[in-house]
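Every chain is numbered from 1, with letters handed out A, B, ... down the list of sequences. As a basis for the values below, the full set of heavy atoms in this structure was taken, side chains included, without hydrogen atoms, waters or symmetry mates. Keep in mind that this is a model prediction, so the values were computed, not measured.
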Amino acid sequence: MKTFFTALWVEMLKALRSKMVLATAAGFMILPLAGGLFMLILKDPEQARAMGIINAKAQITAMTADWPSFLEMMAMGIGGMGEILFAFIAAWIFGREFSDHTVKEWLALPARREIIVSAKFVVIAIWTLALTLMVFLVGMGVGSAIGIPGGSFNLAWTTFWTVMLTVLLINMLMPFAAFFASLGHGYLLPLAWTILALGLADLVSILGWGDWFPWGVPVLVSGMVKPNADHLGVHSYLMVLLTCIIGLAITFAWWRSADQTR
Amino acid sequence: MIFAIETNSLSKSFGPVHAVNSVDLRVGQGEIYGFLGLNGAGKTTTIRALLGMIRPSAGSVKVLEQAVGPYGRGPWRRVGHLVERPVAYPELTVWENLEISRRLQGIPNKTATSRVIEQLGLASYADRKAGALSTGNLQRLGLARALLHEPELLILDEPANGLDPAGVVEIRELLASLAHQKGVTVFMSSHILTEVDRLATRIGIIHQGRLIEELEATRLEEIRAQRLEIKAHNLATAQSILTQAGYAVKMNTDTLILNEGRAIQAPDEVATLLVNAGVPPTRLAVEQEDLEQYFLRLTGEIL
């Protein structure tokens, strides 16, 4: 266990010293800030009309400037954007070892490779959770500052747990991004895989089978794809769990036995 | 004899390419073993197999009498390594890079990091980010990492890479003192053959994946070929005269080279011949080939 915490400290240090933490935080902050701007425009229709295209989009979504709409938009954003951004984080944590050629420094160590790989997954979870909490709290602050109506503790609490469930489900899909980063020795393959998986999730959701497709489940939970959300059930979570187990198994197996020639 | 490194018929293929072909290495404890080979000869692949980074296609590897597995198993607490060019996390300082290695190596002594920083002359760079280091200092950082846990065995791929001449001497002396005073076994590949020549107690030459020669450094002294080297103002004429006299002459840039025994045993006859022909040599000396020339002759890279 001591080795694991050491590996975790090492991975945390590497992450905190990088510019990626700030870059991902800045990227994710678009959600509450853009959502807040959207609410501000909806709250004042005269100004919204003066804004042209934004007004048109606001009418299409038929949203109102209130807390339920704002929080719903936040949850959907975290679900949709999270799948890409979190995969990017996983791709960076695993892929950078190859792009910086540092991977060879932790192959012949007394610490087992599985422990270092596990520590990397924990850092992904901590990082993504911290980002989500930050975005949620900033969103609450932005919503309060704008003074949108219809807020309640229960609504915030329910949305919070929806977001947490979404983030948990997205994290369970990260082993595949890690595996592709390892297999592809860098960032491109995991990002290509994530974009492909999200495209497939969209397609499968349109066909009405999104609740069976692991990469479609988090966006359904977040409320992003409403028509199929009712179909979510134990089978959907089991699919994500199975994907997580398979992803972990192939990632660990790869690190145990693949040739490291970089 | 106890071997620090022992491979039995070690082979590694990448598809149709046989990078390492049935290599049997025996490196005794306390030896400084120079591992030589041209680019692509199989040096780094062998080193990666020794460190368990790649799975041998056939054969076995033992390091410090422990079987090396392709999944991180091995005596790594007792082995320091530097594979190919040194690397570091660019956003971390020199001290932080070494500190993460110290912790992952499970070294309880917190002064180990400061010790290697001093030992490798990195004190003034300790707080500098690794990404801002010169190639030479990055090499020192890599060596510091290899020495952090005071290993019994050092496996070093081109340890003098990127170092300035003073640094090369410094690292040579450091490795020699570790071997002689602390009994550390050093297995090193290098393209700076003069360094290997000065440092190694035993030399192995790998060529096209096969270990084609293995010999004691003292034995190398005996088997290095001698040759007569001649310089003259008119080399072409001198070559023609010597060829007419029945000598086999090779021209190497600005020097004529005679490898035959009769020329080496009686250089005065060659000198007389050239003086009488009106082409007196400006330099005439019997030289022993150095390791580089021996290596190139053995691998067939030079005539």
Side-chain angles (χ1 to χ4, degrees), chain A residues 1-23 92-120 123 182 185-186 249-262, chain B residues 12-14 19 44-45 47-57 63 68-93 96-108 129-131 141-142 145-146 148-149 151 153 155 157:
Chain A
M1 206 59 188
K2 190 186 168 195
T3 314
F4 172 75
F5 283 113
T6 301
L8 187 59
W9 178 84
V10 167
E11 292 303 323
M12 287 296 286
L13 180 72
K14 280 152 54 177
L16 288 171
R17 285 281 187 278
S18 75
K19 293 186 177 113
M20 279 298 292
V21 171
L22 276 179
W92 182 80
I93 285 181
F94 280 86
R96 68 153 312 174
E97 303 288 0
F98 298 97
S99 60
D100 288 342
H101 300 275
T102 43
V103 61
K104 62 192 178 192
E105 294 305 328
W106 55 275
L107 292 171
L109 281 174
R112 285 167 54 206
R113 293 174 193 176
E114 290 90 331
I115 289 174
I116 296 172
V117 171
S118 302
K120 285 181 180 293
V123 170
S182 309
H185 291 175
I250 57 177
T251 306
F252 282 116
W254 191 89
W255 279 104
R256 266 199 307 274
S257 54
D259 281 348
Q260 304 295 337
T261 53
R262 291 292 285 257
Chain B
K12 179 65 186 177
S13 301
F14 296 102
T44 301
T45 302
I47 285 175
R48 284 184 184 275
L50 294 180
L51 292 166
M53 293 180 180
I54 56 172
R55 184 196 292 267
S57 306
V63 169
V68 172
Y71 17 74
R73 286 192 314 206
W76 309 130
R77 209 177 290 275
R78 297 153 65 200
V79 179
H81 70 272
L82 176 65
V83 182
E84 287 183 305
R85 64 189 172 99
V87 291
Y89 294 101
E91 67 277 13
L92 301 186
T93 64
E96 286 169 337
N97 266 288
L98 290 168
E99 188 61 12
I100 63 173
S101 292
R102 180 186 75 78
R103 294 196 184 203
L104 287 173
Q105 286 281 1
I107 306 164
K129 287 190 176 176
L141 175 57
R145 192 189 281 121
L148 196 57
H149 49 302
L153 169 64
I155 297 176
D157 198 359

Would you mind checking which part of B/Ala88 comes under 4.5 Å of any heavy atom in chain A, side chain (CB onward), backbone (N, CA, C, O), both or neither?
backbone

Tell me, side chain or backbone of B/Arg78 under 4.5 Å from chain A's heavy atoms, or both, or neither?
neither

Is B/Glu96 reaching over with its side chain to a backbone N or O of B/Thr93, donor-acceptor style, under 3.5 angstrom?
yes

Audit row: B/Lys129, B/Glu91, salt bridge (charged side-chain N to carboxylate O under 4.0 Å, His left out) steps and yes/no:
CA-CA 6 Å; B/Lys129 287 190 176 176; B/Glu91 67 277 13; over 6 Å; no

With only heavy atoms counted, which part of A/Thr3 is less than 4.5 Å from chain B, the side chain, the backbone, both or neither?
neither

Should the ring pair A/His185 and A/Phe98 be called parallel, tilted or perpendicular, given that the plane angle runs from 0 to 90° and is split at 30 and 60?
parallel

Decide, yes or no, whether a salt bridge links A/Lys104 with A/Glu97 under the criterion of side-chain N to carboxylate O below 4.0 Å.
no

Given A/Lys14, A/Lys19, A/Lys2, the one with more heavy-atom pairs under 4.5 angstrom with chain B than any other is A/Lys14

